[in-house]
Chemist: 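Dropping the structure in here first, questions after.
For ligands, and for the atoms within them, numbers begin at 1 and follow the listed sequence. We're numbering straight along the sequence, starting at 1.
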Amino acid sequence: MPRFRQILDTMAPYRPGKAVAAPDGRSYKLSSNESPYDPLPSVVEAVAEGARQIHRYPDAGSVELTEAVAARYGVPAEHVALGPGSVTVAQQLLEAVGEPGGEVVYAWRSFEAYPLLADLAGVTSVRVPLAGEDHDLDAMAEAVTDRTRLIFVCNPNNPTGTAIRRRELTAFLDRVPEDVLVVLDEAYREYVRDEDVPDGVELYRDRPNVCVLRTFSKAYGLAGLRVGYLIGPEPVATAVRKTTVPFAVNHLAQLAAVASLRAEGELLERVERVVKERTRVREALVGQGWTVPPSEANFVWLRLGERTMDFAAACAAEGVAVRPFHPEGCRVTIADPEANDAFLAAAESFPHRC
Ligand code: PMP
């Protein structure tokens with residue numbers, strides 16, 4: 001047998017959300033925070049047209065897409081770096097700054113890929129417990145040591161949906177030493193409606209150690225094509241370009257992402273519908289007697305403790321796949337009204353509220 005790195009002994013492969021079906025065949029996948037809508041015809045057309053070129057390597061520099069993203073945010077193209085999903089860009093950042101003995105600080109619970117990426121990069125995870133359902137930024141600032149190389153701030157936080165406001169976040173950034181990279185993971189930014197929640201793209205501009213991660217997987221509906229990006233100071237974007245494998249972002253993903261930016265108005269209308277449903281679902285859950293933290297993302301969070309797996313099973317029996325994080329709670333994606341109603345019915349018939 002080959003000699004694997006020791007860290008692999010304690011690592012489990014990433015477990016994606018799965019679909020389930022009720023006995024009558026109904027199936028609603030609310031476990032991966034995907035868009036519930038079919039791809040836009042204009043995007044499908046761009047992919048179909050691009051399929052004629054799949055015998056060629058893609059544009060390694062993703063030039064057209066990089067320029068389209070830069071134009072969208074009013075930043076120089078040198079401040080944008082693409083990757084096959086923002087999770088890969090996060091991995092590249094850890095590779096770029098991680099070294100043996102280095103530490104990465106993040107809230108817990110937060111995005112479940114952070115510990116995996118830290119282990120892979122050979123850096124030590126420093127998990128700072130949430131205060132209630134929110135980031136504890138004071139404790140995170142206090143957790144920074146000489147060994148800290150990177151801090152993930154997931155805003156809004158996956159899986160709790162809570163978001164950090166401007167004053168707290170800027171005060172935190174002011175406390176972090178400039179040689180520590182702060183990654184504002186904004187995978188769900190398009191769903192934020194609280195105006196006090198800052199856009200990371202505003203915050204990185206006068207801070208050399210702050211960058212933002214965004215994705216086409218959620219609001220833009222391209223989860224299956226894998227494309228995400230970093231916006232940040234030029235040296236950080238350059239580090240991402242250096243740590244990529246050649247041709248990481250495929251041709252179809254690049255074309256679909258460019259077409260999605262062109263059709264952004266239509267996609268953001270869909271986001272608006274999800275946001276409206278989020279309000280409706282949360283109010284209905286509260287009406288049923290559940291405690292639900294306010295969400296600025298396309299999901300809601302139910303803290304279920306030891307009942308987490310029972311709740312997920314009760315939803316599965318109704319054809320509703322939710323994402324259990326045992327023994328903390330379940331994260332449930334907001335989708336179209338039919339799926340949301342199926343979830344609300346399952347939640348209502350669950351015997352113990354929280
Ligand atoms: N960050 C957060 C907080 C996420 O929830 C996700 C997806 N679940 C990602 C990053 C990764 O997104 P992708 O790799 O699809 O761009």
Chemist: I'd like the atom pairs linking ligand 1 to the protein - N or O on both sides, separation under 3.5 Å - with distances to 0.1 Å.
Modeler:
unit_1, atom_1, unit_2, atom_2, d
ligand 1, 1 (N), D185, OD1, 3.1
ligand 1, 1 (N), D185, OD2, 2.7
ligand 1, 5 (O), N158, ND2, 2.8
ligand 1, 5 (O), Y188, OH, 2.6
ligand 1, 8 (N), K218, NZ, 3.2
ligand 1, 12 (O), S86, OG, 3.2
ligand 1, 14 (O), S86, N, 3.1
ligand 1, 14 (O), V87, N, 3.0
ligand 1, 14 (O), R226, NH2, 2.7
ligand 1, 15 (O), S217, OG, 2.6
ligand 1, 15 (O), R226, NH1, 2.7
ligand 1, 15 (O), R226, NH2, 3.4
ligand 1, 16 (O), S86, N, 2.7
ligand 1, 16 (O), S86, OG, 2.9
ligand 1, 16 (O), T215, OG1, 2.5
ligand 1, 16 (O), S217, OG, 3.4

Chemist: Do N157 and T162 have side-chain N/O donor and acceptor atoms under 3.5 Å apart?
Modeler: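 Judged by distance alone, the side chains do not pair up.
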Chemist: Please list all pairs meeting side-chain hydrogen bond (donor to acceptor under 3.5 Å, both in side chains) that have one or both residues in residues 201-216, counting only residues at least two apart or in different chains.
Modeler: Y73-R214, H79-Y204, D174-R207, E186-R214, D199-R214, T215-S217
Chemist: Quick one: list whatever passes side chain to side chain contact (heavy atoms under 4.5 Å, CB included) with R278, sequence neighbours left out.
Modeler: Y191, R193, V275, S295, E296, I334
Chemist: Under the rule for salt bridge (charged side-chain N to carboxylate O under 4.0 Å, His left out), what residues qualify as partners of E49, not counting sequence neighbours?
Modeler: R52
Chemist: When you measure from the side chain of Q254 to the backbone of D59, do you find a donor-acceptor pair of N or O atoms at a distance under 3.5 Å?
Modeler: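 Here the side-chain-to-backbone pair exists.
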Chemist: Examine distances only and state if a side-chain atom of T148 and a backbone atom of T145 form a donor-acceptor pair shorter than 3.5 Å.
Modeler: yes
